[in-house]
> 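My questions will all concern the structure given below.
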Amino acid sequence: MVLFLLLFIALFVVLYRNYKGHNIGKFITEEVAQVYNKFAPYSFKVVNEKTKQLGKEYTIKDYTIQVVMFSTFTGVITYMYFYNIIISIIYIGIVIMTIPYLSYLRSKRIYSEFLFEQVQTYTSNVIMEFATSQSFVKSLEGVRDSGILEDPVKNDVEHMIELAYQNGSIEESLTYMSNLYPYFIVKNMHQLFLQITKEGARNSMDSLENMQLDIDMLVESVYRDRIDRQAFHKQFLQFGIMLYLLVMMVQYLLGTEAYLKLLENWYVQLLLHAVLIINSMFLLKGEKYYNENVGAE
C-alpha cells in the first residue's frame with residue numbers, strides 16, 4: 001500500500017514539474033479522452049449530444065434517484081453480508097462510480113436505435129425514389145432533399161453523392177455506406193443496385209419490390225427482437241438481485257449468531273467478497289450486452 005502511495009506521489013510530482021502553470025486535471029482528462037476517441041466506435045460526446053437532441057438525456061433528478069437507489073441497495077446488501085459499516089461505505093462509493101458508465105451504455109443504446117431507424121428510412125426511401133427516377137444518384141439526392149434524414153446519416157448520404165459524381169460510378173459510394181453501416185438491409189440493397197447498374201434495369205421494379213418486402217420483414221424482426229430483449233432484461237435484473245439475496249437465506253438457515261462467527265474467518269469474508277464482485281460483474285456484462293448491438297438483424 002505504501003509503495004502504491006509513493007508511486008502516485010511521484011507521478012503527481014512529475015506531471016506538476018512538466019506541466020507547471022497548466023491545469024493538470026485538464027491535461028489528464030484530455031489525454032484520457034484522446035485514448036478513448038482513438039479506440040471507441042464513436043465518442044461519448046457524439047452519443048451524449050444526440051441523446052440530448054432526442055430529449056432522452058438523464059436529468060439531475062434522474063441521477064439523484066439513481067444514486068439514492070444504488071446507495072441504499074448496496075448499503076443494505078453489503079451490511080447484511082459483512083455487518084461492517086466501513087466495508088458498506090467502500091462498496092457504495094464503488095457502485096456510485098459505475099453510474100456514469102451505465103448512463104453511457106444507455107445513451108449508446110439510444111444512439112444505436114436512432115441510427116437503425118435512420119438506416120431504415122434511408123433504405124426504404126431510396127427504393128421508392130428509384131421507382132420514379134430510375135437513377136441511384138437521383139434517388140440519393142431526392143432522399144437528401146426531402147428532409148427526412150438527420151445527421152450523421154444525412155451527411156453520409158451527401159458524401160455518397162459527392163463520391164458518385166467524382167468517380168462517375170456508384171461502386172465506391174455503395175462500399176462507403178456499406179462499411180459505415182454494416183446492416184443486412186443496407187448491404188442487400190446496395191448489392192441489388194450494383195447488380196441493376198451492371199446488368200441493366202430489366203425487371204428492376206420486381207426486384208425492388210421484393211427488396212422492399214425483405215426490408216420490411218427484417219425491420220419487423222428487429223423490433224420484435226427489441227421487445228424480447230427488454231422483457232429478458234427485466235428478468236435478468238430480477239435474477240441478479242435474487243443472487244445478492246442468497247446470503248439472507250444462508251443466515252436464515254444458520255442463524256445470525258452462527259453466521260457472525262463464520263465472519264471471523266478471513267477466508268469466509270474473502271469468499272463473500274468474491275460472490276459480490278462476481279455477481280456485480282455478471283450484471284455489468286449483462287447491461288453491456290443489452291445496450292450494445294441494438295438494431296443488428
Side-chain angles (χ1 to χ4, degrees), residues 1-8 32 35-36 39-41 44 47 58 60-110 112 225-294 296:
M1 185 65 185
V2 175
L3 178 60
F4 284 113
L5 181 60
L6 291 174
L7 289 173
F8 177 80
V32 171
V35 173
Y36 175 81
F39 295 101
F44 173 77
V47 172
Y58 271 156
I60 298 299
K61 180 181 178 181
D62 294 325
Y63 280 116
T64 303
I65 292 174
Q66 276 197 326
V67 169
V68 172
M69 290 178 58
F70 278 48
S71 299
T72 303
F73 180 78
T74 303
V76 171
I77 291 299
T78 53
Y79 188 77
M80 291 298 297
Y81 269 68
F82 303 102
Y83 288 91
N84 188 311
I85 295 178
I86 295 177
I87 292 178
S88 295
I89 292 173
I90 293 173
Y91 271 106
I92 288 172
I94 295 172
V95 168
I96 289 176
M97 287 190 292
T98 64
I99 291 178
Y101 174 69
L102 295 174
S103 176
Y104 168 67
L105 288 178
R106 173 183 174 273
S107 298
K108 191 175 179 181
R109 173 173 55 81
I110 292 172
S112 297
D225 176 70
R226 188 178 299 178
I227 295 172
D228 294 339
R229 285 162 65 100
Q230 290 174 350
F232 175 78
H233 181 240
K234 292 180 181 179
Q235 296 176 353
F236 172 80
L237 291 179
Q238 292 172 357
F239 177 72
I241 292 173
M242 291 303 298
L243 290 178
Y244 283 123
L245 299 178
L246 286 177
V247 70
M248 295 183 180
M249 182 183 296
V250 174
Q251 291 189 45
Y252 175 77
L253 295 174
L254 296 178
T256 304
E257 292 184 3
Y259 181 79
L260 290 174
K261 288 183 179 180
L262 282 176
L263 283 179
E264 296 176 359
N265 301 311
W266 65 268
Y267 54 85
V268 173
Q269 293 199 24
L270 183 64
L271 179 62
L272 292 174
H273 282 295
V275 170
L276 281 174
I277 293 171
I278 291 172
N279 192 37
S280 299
M281 294 300 296
F282 169 72
L283 286 174
L284 279 176
K285 286 185 177 180
E287 283 295 304
K288 188 172 184 291
Y289 172 79
Y290 169 68
N291 289 287
E292 286 187 339
N293 302 320
V294 177

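As a basis for the values below, the full set of heavy atoms in this structure was taken, side chains included, without hydrogen atoms, waters or symmetry mates. One is the number of the first residue; the rest follow in order along the sequence. For clarity, every value in this text was computed on a predicted model and none was experimentally measured.
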> OG1 of T74 to CG of L276: how many Å apart, nearest 0.5 Å?
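Result: 9.5 Å between the selected atoms.
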> Are more than 12 heavy atoms, taken from residues, nucleotides or ligands other than F239, located less than 6.0 Å from that residue's CZ atom?
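Not more than 12 within 6.0 Å, no.
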> Around atom CZ of F232, are there more than 12 heavy atoms of other residues, nucleotides or ligands at under 6.0 Å?
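At most 12 heavy atoms, drawn from other residues, nucleotides or ligands, come within 6.0 Å of this atom.
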> May I ask you to check whether Y244 and S280 show a side-chain donor-acceptor distance below 3.5 Å?
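The criterion, which ignores hydrogens and geometry beyond distance, is satisfied for S280 and Y244.
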> Does CD belonging to E257 count more than 12 external heavy atoms closer than 6.0 Å?
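Result for CD/E257: open.
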> Atom OH in Y267, atom CG in L270: separation rounded to 0.5 Å?
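Result: 11.5 Å between the selected atoms.
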> Within the structure provided, determine whether L102 and L284 are in side-chain contact (heavy-atom separation under 4.5 Å).
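A side-chain contact under 4.5 Å exists here.
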> Report, as yes or no, whether the 6.0 Å neighbourhood of atom CG on L245 holds more than 12 heavy atoms from other residues, nucleotides or ligands.
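Yes.
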> For Y289 and H233, which I'm curious about, is there any donor-acceptor pair between the side chains at under 3.5 Å?
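Result is no, nothing qualifies.
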> Flag the pair V275 / Y81 as yes when at least one side-chain heavy-atom distance between them is below 4.5 Å, and no otherwise.
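Contact flag for V275/Y81 side chains = yes.
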> Compare all side-chain heavy atoms of Y91 with those of Y79 and state whether any distance is below 4.5 angstrom.
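Result no, sub-4.5 Å side-chain heavy-atom pair not found.
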> Check this for me: I86, atom CD1, are more than 12 non-hydrogen atoms of other residues, nucleotides or ligands nearer than 6.0 Å?
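Open: at most 12 neighbouring heavy atoms sit under 6.0 Å from CD1 of I86.
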> Do F70 and I92 touch side chain to side chain, with heavy atoms closer than 4.5 Å?
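A side-chain contact under 4.5 Å is absent here.
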> State whether the number of non-hydrogen atoms from other residues, nucleotides or ligands found under 6.0 Å of L271 atom CG is greater than 12.
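More than 12 within 6.0 Å, yes.
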> Can any side-chain N or O of N265 pair as donor or acceptor with the backbone N or O of V268 at less than 3.5 Å?
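No; judged by distance alone, with no hydrogens or angles, the pair does not exist.
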> Under 6.0 Å between ring centres: does that hold for F82 and H273?
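They qualify: ring centres under 6.0 Å apart.
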> Looking at every heavy atom in both L105 and N291, which two are closest together, and how far apart are they?
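Between these two residues, the closest heavy atoms are O-CB, 3.3 Å.
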